[in-house]
Amino acid sequence: MNMAMMRLRREDPRVVGSFRLHRRLGAGGMGVVYLGSDKKGQRVALKVIRPDLAEDQEFRSRFAREVSAARRIRGGCTARLVAADLEAERPWFATQYVPGPSLHDKVADEGPLGAADTAAVGAALSEGLVAVHEAGVVHRDLKPSNILLSPKGPRIIDFGIAWATGASTLTHVGTAVGSPGFLAPEQVRGAAVTPATDVFSLGATLAYASTGDSPFGHGSSEIMLYRVVHEEPQLYGVPDALAPLVRACLAKVPEDRPSTLQLSLRLKEIAAREAQGMTEARPPAPRAAEADRPTGRLVDTYPEPQRVQRRGAPGTPPPRGGTPSRGGGPARGAAPARGGNASRGSGVPSRPGAGRPTPPRGGSARSGSGGRPAPRSGSGRPGPRTTGTGRRPANPRLLRQRLFVFVVVTLLVALGIAVAQGCQGPARGLGDDSGGRRHAQPSFTPTAPDGRGSAPSQDFGN
């Protein structure tokens with residue numbers, strides 16, 4: 001049955017029972033299906049029986065038995081029966097409306113399903129058939145167009161020609177017994193239907209879901225029915241995990257087919273195994289926690305200088321978190337070693353004759369020749385050294401400030417000393433002149449009057 005929504009035609013009713021009709025969903029062998037809603041807004045799929053069948057009293061009685069049996073169906077894989085009126089001029093019944101495409105449309109639009117999806121759909125349908133058969137009902141027309149893929153899972157719809165177990169077929173009143181290509185051999189022969197009849201139809205439906213085609217090919221109704229009875233199904237394209245089970249469902253003898261319960265359990269196992277195989281086939285994504293975990297092995301993302309240093313000390317784990325200590329220096333409490341000399345602050349001499357000292361943990365060491373600190377990770381600038389006690393030195397900016405103050409104070413002290421010395425120099429010169437004059441005074445005494453010598457002319461105030 002085509003479930004595409006269409007506008008109501010002129011001859012279509014607008015109200016049936018307590019339901020208002022909105023759209024025409026399709027037409028089948030028994031009547032027309034409409035989209036309706038009740039006063040609360042609940043949507044239903046309402047089927048109205050054809051006028052010629054409504055006039056047949058035997059059909060009405062059998063239809064009443066079918067509706068009574070459908071009320072007893074309990075299961076999530078079927079469209080629940082909402083209401084029915086068997087005494088109306090044209091009998092009708094309403095079932096829960098199931099949104100979603102049919103399995104036929106899904107495969108036609110997007111292609112065949114995978115093994116895991118096919119097995120999952122088959123397991124749900126088998127479980128639904130268990131509830132149907134426990135209610136004493138055989139669907140008799142299970143096919144891809146009667147299976148809706150709703151957001152909550154597949155649903156079996158259109159029990160239009162389903163009848164209670166043991167009832168005869170409806171061929172004598174002109175109603176089709178099913179769809180060619182999905183009928184069981186006993187239906188073609190006109191024999192009594194059993195739950196195994198639905199198992200055969202389910203096997204053909206699973207083959208269609210896997211391949212996009214009927215297992216008995218295409219052709220006229222007569223050719224298709226002949227193949228169903230006398231020829232083996234063509235299962236080319238059915239996954240290997242499903243092919244044996246599908247072939248067992250399509251057995252010609254009903255007793256050779258598995259039960260719906262066995263089919264449900266087996267399909268669940270296949271669906272779980274196929275889904276697990278698909279998960280294992282995908283490469284697992286690396287976790288961030290494992291990427292940062294220290295392993296003691298060289299990592300390609302480390303810079304080249306650190307890689308060379310780590311080769312000198314194999315087995316040494318990197319710092320916590322995979323990042324070097326701040327400033328590129330060694331870890332706190334670790335003393336860098338000098339090549340050929342004792343380690344600073346440790347008191348333990350290095351091994352004699354070792355041409356290359358082992359760098360301490362943390363990735364910072366001094367070489368024995370140049371005394372130049374090793375460059376830190378990711379740059380060529382040396383990192384600060386630690387003191388012998390393991391404490392880090394003062395801030396370089398603070399050292400520069402202290403050096404500047406020291407230089408200024410030194411200059412001021414030197415300037416003060418120079419000023420002091422300059423003030424004492426002139427005082428000492430003046431003292432010498434006065435003293436010279438004092439010592440020179442006896443030399444100016446006048447000479448004797450005998451005329452020896454001469455005295456300088458002096459003016460004594462005369």
Side-chain angles (χ1 to χ4, degrees), residues 1-38 42-73 78-98 102 132 135-143 145-148 155-180 182-183 187 190 193 197-198 201:
M1 176 182 295
N2 185 9
M3 298 300 292
M5 292 189 183
M6 298 171 289
R7 291 185 178 182
L8 295 176
R9 299 178 181 178
R10 182 176 302 178
E11 65 272 14
D12 292 331
R14 280 3 185 212
V15 177
V16 174
S18 60
F19 299 95
R20 182 179 182 85
L21 305 184
H22 305 286
R23 296 280 180 174
R24 174 189 277 244
L25 295 177
M30 292 184 62
V32 182
V33 181
Y34 300 96
L35 173 65
S37 62
D38 58 8
Q42 181 184 5
R43 296 189 297 178
V44 297
L46 190 146
K47 175 175 285 189
V48 180
I49 303 303
R50 284 171 20 197
D52 56 335
L53 294 178
E55 296 176 358
D56 188 277
Q57 294 299 324
E58 185 179 358
F59 176 86
R60 281 179 172 268
S61 62
R62 293 178 179 177
F63 181 71
R65 288 197 301 266
E66 165 60 18
V67 172
S68 177
R71 293 182 186 276
R72 300 194 300 267
I73 297 177
T78 60
R80 177 175 54 87
L81 182 65
V82 177
D85 188 356
L86 308 179
E87 303 299 330
E89 182 181 355
R90 294 178 59 184
W92 59 269
F93 65 95
T95 60
Q96 180 185 9
Y97 174 73
V98 180
S102 66
V132 171
V137 178
V138 180
H139 192 283
R140 296 192 356 146
D141 194 23
L142 190 65
K143 56 185 179 180
S145 59
N146 284 340
I147 297 172
L148 298 182
R155 296 291 186 268
I156 303 174
I157 64 170
D158 197 6
F159 285 80
I161 61 171
W163 294 102
T165 303
S168 61
T169 62
L170 297 179
T171 53
H172 64 282
V173 293
T175 303
V177 297
S179 302
F182 298 94
L183 289 175
Q187 289 178 282
V193 296
T197 302
D198 289 341
S201 300

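The shortest distance between side-chain heavy atoms of Leu86 and Arg60 does not fall below 4.5 Å. For the pair Tyr34/Asp12, a side-chain contact is recorded, criterion being any heavy-atom separation below 4.5 Å from C-beta on. Within the 4.5 Å cutoff, the side chain of Ile73 has no heavy atoms near those of the Leu81 side chain.
Remark: Thr95 OG1 to Arg155 CZ distance equals 12.5 Å, nearest 0.5 Å. To the nearest 0.5 angstrom, Leu35 atom CG is 9.0 Å from Leu8 atom CG. Here the CZ-CG distance, from Arg140 to Asn146, works out to 13.0 Å after rounding to the nearest 0.5 Å. For the atom pair Glu89 CD and Glu55 CD, the distance stands at 9.0 Å (nearest 0.5 Å). Between Phe93 atom CZ and Leu46 atom CG the span is 8.5 Å, to the nearest 0.5 Å. Rounded to the nearest 0.5 Å, atoms CZ (Arg71) and CZ (Arg80) are 11.5 Å apart.
Contacts of Arg7 classified as side chain to side chain contact (heavy atoms under 4.5 Å, CB included), with partners at least two apart in sequence or in another chain: Arg23.
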Side chain to side chain contact (heavy atoms under 4.5 Å, CB included) between Leu142 and Ile156, intermediate numbers included: CA-CA 8 Å; Leu142 190 65; Ile156 303 174; 4.0 Å; yes
Evaluation steps, side chain to side chain contact (heavy atoms under 4.5 Å, CB included), between Val32 and Val48: CA-CA 6 Å; Val32 182; Val48 180; 5.5 Å; no
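The closest donor-acceptor contact from the side chain of Arg20 to the backbone of Ser37 lies at 3.5 Å or more, if one exists at all. Of the possible donor and acceptor atoms, none in the side chain of His139 sits under 3.5 Å from a partner among the backbone N and O of Thr197. Of the possible donor and acceptor atoms, one in the side chain of Ser201 sits under 3.5 Å from a partner among the backbone N and O of Phe182.
Counting all heavy atoms, side chain and backbone alike, Ile49 lies closest to Ala54 at CG2-N, 4.2 Å. Nearest heavy atom pair, residue Val98 against residue Ala79, reads CG2-CB, 4.3 Å. Listed here is the closest heavy atom pair of Ser145 and Ser102: O-CB, 4.0 Å. Looking at every heavy atom in both residues, Leu53 comes nearest to Phe59 through O-CD2, 3.4 Å.
Heavy-atom contacts from other residues, nucleotides or ligands closer than 6.0 Å to CZ of Arg9 number 12 or fewer.
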